[in-house]
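What follows is a set of notes on a single structure, which appears directly below.
Numbers restart at 1 for each chain; the letters A, B, ... are given by sequence-line order, proteins then strands.
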There are 2 protein chains.
Amino acid sequence: MLTSVDTDLVRVLADPLRMQIVSLLARETLCTTHLVEETGAKQTNLSNHLKVLRDAGVVETEPCGRFTYYRLRPEVLDQLAEQFTRLASLARVNDAANSKRACP
Amino acid sequence: MLTSVDTDLVRVLADPLRMQIVSLLARETLCTTHLVEETGAKQTNLSNHLKVLRDAGVVETEPCGRFTYYRLRPEVLDQLAEQFTRLASLARVNDAANSKRACP
DNA sequence: TGAGATTATCAGTCCATGCTGACGTCAGTC
DNA sequence: GACTGACGTCAGCATGGACTGATAATCTCA
């Protein structure tokens with residue numbers, strides 16, 4: 001399908017805790033310890049979600065001694081936003097043209 | 001949280017079949033029968049997903065005789081795109097400022 | 001009104017995924 | 001080198017949600 005949205009990426013962001021992590025990282029680059037404090041989630045749980053975000057390319061890591069900083073990659077979010085915008089504008093065009101397939 | 005994204009809406013769009021429905025409806029207003037043809041999914045299954053999309057406000061229905069047309073609501077997608085864009089730009093600003101919380 | 005077509009709802013099954021505890025690994029400090 | 005703290009991995013459990021078949025509800029047309 002030409003104009004669509006990457007479902008895998010959307011699925012990664014569909015989890016409340018993961019979205020909270022993303023929102024926090026959009027404000028500040030943080031290490032796991034900070035995220036544990038901010039979210040109240042267990043470290044193990046966070047580590048799992050961070051792995052998912054890493055694998056999806058949403059965040060990237062930067063080791064700092066025995067700490068690991070997590071940084072958000074805005075490109076990914078921008079790309080996703082553009083895909084949604086494109087879908088929306090396509091819908092608007094076809095809505096204006098009133099393109100409706102005839103009942104079978 | 002001030003700048004974040006509505007997880008419920010994202011979750012609705014995180015399903016491949018639902019995203020396919022949205023993509024199809026972005027091109028054309030269709031009724032359930034058409035969607036069954038296009039997706040190859042069972043009618044029952046589609047009806048379930050359409051209910052989810054309806055409840056989330058992503059699509060709206062328009063009865064036409066004994067058929068039901070489904071139309072995409074672009075506003076919802078635009079709103080979602082804007083939320084992602086906002087998050088991304090916030091991340092860029094903080095990235096430029098190199099705002100990194102000190103290791104504890 | 002009765003038959004057929006279209007769509008929605010319900011109950012049940014099954015699988016993906018999120019959460020947790022135990023453990024392993026690595027870096028820094030004594 | 002031993003200890004401590006930070007972080008990741010793994011296995012097991014539990015829950016949510018996707019899919020299906022049966023059935024109900026609604027509409028059109030003869």
Q | Pairs touching residues 94-104 of chain B that satisfy salt bridge (charged side-chain N to carboxylate O under 4.0 Å, His left out), sequence neighbours left out | A | A/E28-B/R101, A/E38-B/R101, A/E62-B/K100, A/R71-B/D95
**Q.** Length of the line joining B/H34:NE2 and C/dT6:P, which is rounded to integer Å
**A.** 10 Å
Q) Would you say B/T85 and A/L77 make side-chain contact, with heavy atoms under 4.5 Å? A) no
Q: In whole angstrom, give the distance that lies between atom CG of A/L17 and atom P of C/dC19.
A: 6 Å
Q | Of residues 5-14 of chain B, the positions that come close to DNA chain D - non-hydrogen atoms, cut-off under 4.0 Å | A | B/R11
Q.
Working to the nearest 0.5 angstrom, can you tell me the gap between B/L35 CG and B/L50 CG?
A. 6.0 Å
Q. Any side-chain N or O of A/K42 under 4.0 Å from OP1/OP2 of C/dC19?
A. no
Q) So what is the end-to-end bend of the helix from C/dT1-D/dA30 to C/dC30-D/dG1, with 5 pairs used at each end and the value given to 10 degrees? A) 20°
Quick test: give all pairs of protein nitrogen or oxygen and nucleotides 1-5 of chain D nitrogen or oxygen below 3.5 Å, distance rounded to 0.1 Å.
none

Q) Rounded to the Å, how far apart are B/Q20 CD and D/dA18 P? A) 15 Å
Q | Any B/H49 side-chain nitrogen or oxygen under 4.0 Å from OP1 or OP2 of D/dC19 | A | yes
Distances under 3.5 Å only, N/O to N/O: pair up the protein atoms with those of nucleotides 8-12 of chain D.
from: D/dG8; atom 1: OP1; to: A/Y70; atom 2: OH; distance (Å): 2.5
from: D/dG8; atom 1: OP2; to: A/S47; atom 2: OG; distance (Å): 3.1
from: D/dG8; atom 1: N7; to: A/Q43; atom 2: NE2; distance (Å): 3.2

Q.
According to salt bridge (charged side-chain N to carboxylate O under 4.0 Å, His left out), who are the partners of B/K51, at least two apart in sequence or on a separate chain?
A. B/D55
